Amino acid sequence: MSAAAWPSCRVACSSRPRRGTSSRTSIAVLFAAVGVCLQFGHMCEGTEGVDSVTQVRSAAPRHSSTEATAATSSTPVVSFGIVTDVHYADAAPSGTRIYRDSVDKVKAAVDTFNAAGSTDFIISLGDLKDTDASRGCDTPNVPASPACVNLTIGFLKTIEGVLAGFNGPRHHLLGNHDVDILTQLEVLNSTTDTPLSPGSPGSAGGPGYSSWSLPDSSAPPTNTSLDTTGCLVRSPSGGNIWVVHSDGSRNWLSTSASHTEWQASALVVANIDVYPKRHGGSGAYSLDSDDSSAAFAQRCTVGHCLCDPATGTANGSTLPHGQSPAPALRFVRLNADYTDQDIAWADLDNLNGPGAVPGMSWEHANVPSFQLTWLAAELEAAKSMGQHVVVFVHYRVDGGPGGPVGTGLGPSTVKSRSWVDDCSLQNAAVLRDVLEHHSGLVLAVFSGHDHVPQPPYTKETASSPLYYTHHALVEGALPHNAYSIVDVLPNCTIVIHGYVDAGNVTIAGPPGHNCSSASTP
């Protein structure tokens, strides 16, 4: 890209979808801008009147419904655990919210996730903690006192310690009650999100948002003597040469820049990033002169490939023998604790007091414009790698203006449309347009916030995302509880195994799509 072209790309990729214009038109412009940039490399909380819990189911075996049992005859590609709206506080109950019980409820969930033996990660969908109203810590329009801040951070660290009992990666979303008297930074500093695996497709994102890919194919091989064994590849415009191995990883030929013969011999691949770098992408992944020459000796020439078919590509194939080009699924978490002017929420109880965040509201959460741009780039990258996507955001996405709740293939009964709208993002329509820009790419969006969701999910068409709202864990005294294990099957079917008050749902994947590997459907 020329020096003159880059500023235009930067402005296009950071532009906000304009209000007052067609959101679909704005999203088309957004994706076009992202495409240009990529080409050059670059029951709602806060309301006490929730419905009472009316049914309790035991923590049944994972495949607790006939439908789910039949659907899970194939081995899941990825499985993950969900809890949401835990609201832990060492405080007296408030209505149906039994704050102290959340410790034992989360422990039961973690024990189930560990016992399953195949749970790849767990995620809290927001509102992990609450505060203690009896100590004056939720006084409206008064800045949070240091004593209340410290008390509430203590609640957060206590429940985070219970989640830490899970034997695997964990992730968190920010909800409105997470920042009722805290800042986003205070919450993020008191919780732990598993970092992105080196070389795995994904993005560290920013405060409270990120992406990662599974199954994880970024682990370096144990036999590093094979760093020179494979076939030479390069990108259409790149001069760098890489050797791709049978496990789908790559090493860099460090002296390749001066060898035009090497460039002519390399196979051209559309996206070199589908092959994760060995050794974490630093140091030993770069071959020295001797190893680079050894790797070049296995080059593919016109009409004949000298690569061993058992360990590399053969006859001009651009993918490693018997390997997927990238992890099949990309997971994205969003931070929607923002005003409609992209200002981060903090100390929500102090809506109108001294130092309040301007424009902040308990009812009007937004995914900020810079995250929408980032999300569009994530979706384009996933599409280019042949991945499918699962998204997490605290607030409902199926309500608000034009929201599809109650339509299509999901439940048709909506107990209160105004309630669903109140529990949905203020800019839900814009987010839906981004998520649905490529039909069948996004499999599902998981949310919380609406404590007893009615309906719990929306599925407008066979190829549109599943918008699923999970039951709140805090609702009701033990033995009430609510958590789930979600399986993504090779045919992209989503199977939600709900425990206790959480429901069982099985949703078929987009017709003709394959989630067993990263590939074009």
Side-chain angles (χ1 to χ4, degrees), residues 16-28 30-31 43-47 84-85 125-127 173-176 208-209 332-345 359-376 378-379 389-408 410-411 414-439 441-451 453-461 464-470:
R16 173 199 299 269
R18 296 181 180 177
R19 297 177 177 82
T21 62
S22 166
S23 63
R24 291 194 178 274
T25 301
S26 298
I27 297 305
L30 172 63
F31 271 91
M43 155 178 26
C44 301
E45 309 95 343
T47 304
T84 190
D85 296 272
L125 300 182
D127 284 2
L173 302 183
L174 284 169
N176 50 333
Y209 67 98
V332 176
R333 66 183 182 113
L334 299 174
N335 176 4
D337 281 3
Y338 284 84
T339 72
D340 61 2
Q341 297 300 311
D342 295 353
I343 303 173
W345 287 358
M360 189 169 58
S361 166
W362 283 90
E363 291 79 24
H364 296 148
N366 292 267
V367 177
S369 59
F370 61 85
Q371 271 186 60
L372 291 172
T373 301
W374 171 84
L375 174 62
E378 286 292 305
L379 297 181
V389 181
V390 175
V391 176
F392 306 101
V393 63
H394 180 64
Y395 308 90
R396 291 190 78 134
V397 183
D398 54 352
V405 63
T407 67
V414 181
K415 184 174 181 180
S416 170
R417 177 59 193 247
S418 62
W419 181 270
V420 172
D421 291 347
D422 286 345
C423 292
S424 296
L425 288 164
Q426 184 178 14
N427 63 344
V430 177
L431 179 59
R432 287 194 303 270
D433 282 346
V434 174
L435 297 171
E436 298 173 13
H437 184 73
H438 295 297
S439 178
L441 176 63
V442 176
L443 300 178
V445 180
F446 289 91
S447 302
H449 191 54
D450 187 352
H451 281 204
Q454 299 182 42
Y457 71 93
T458 297
K459 175 75 171 173
E460 194 170 8
T461 70
S464 62
L466 164 68
Y467 293 107
Y468 186 83
T469 305
H470 198 284

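These figures come from a predicted structure and were not determined experimentally.
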Checklist entry - Should L431 and N366 be marked as a side chain to side chain contact (heavy atoms under 4.5 Å, CB included) after you check the CA-CA gap, both sets of side-chain angles, and the distance that decides it? => result CA-CA 9 Å; L431 179 59; N366 292 267; over 6 Å; no
Next on the checklist: Between E363 and S361, does the side chain to side chain donor-acceptor pair (under 3.5 Å) criterion hold? Intermediate values first, please.
Outcome noted: CA-CA 5 Å; E363 291 79 24; S361 166; 3.2 Å; yes
Main-chain N/O of [Y] paired with [X] side-chain donor or acceptor, under 3.5 Å:
X: S447; Y: T469; result: no
X: R432; Y: V397; result: yes
X: D342; Y: S369; result: yes
X: D421; Y: P401; result: no
X: Q371; Y: L334; result: no

Straight-line distance of [X] [atom1] to [Y] [atom2], nearest 0.5 Å:
X: E436; Y: S464; atom1: CD; atom2: OG; answer: 6.0 Å
X: D422; Y: R417; atom1: CG; atom2: CZ; answer: 11.0 Å
X: D398; Y: E460; atom1: CG; atom2: CD; answer: 10.0 Å
X: H470; Y: T84; atom1: NE2; atom2: OG1; answer: 8.0 Å
X: T458; Y: Y467; atom1: OG1; atom2: OH; answer: 9.0 Å
X: Y395; Y: Q426; atom1: OH; atom2: CD; answer: 12.0 Å

Next on the checklist: Before you tell me yes or no, could you show the steps for V367 and N427 under side chain to side chain contact (heavy atoms under 4.5 Å, CB included), namely the whole-Å CA-CA distance, both residues' side-chain angles and the distance that decides it to 0.1 Å?
Outcome noted: CA-CA 7 Å; V367 177; N427 63 344; 4.2 Å; yes
Tell me the closest heavy-atom pair linking [X] and [Y], and the distance in Å.
X: L173; Y: R333; result: CD2-CB, 3.4 Å
X: L379; Y: V434; result: CD1-O, 3.5 Å
X: R396; Y: V420; result: NE-CG1, 3.9 Å
X: P455; Y: P411; result: CB-CB, 3.8 Å

Less than 4.5 Å apart, any side-chain heavy atom of [X] and any of [Y]?
X: L466; Y: L443; answer: no
X: W374; Y: V332; answer: yes
X: T339; Y: W345; answer: yes

Checklist entry - Aromatic rings Y468 and Y457: how do their planes relate, parallel, tilted or perpendicular, breaks at 30° and 60°? => result parallel
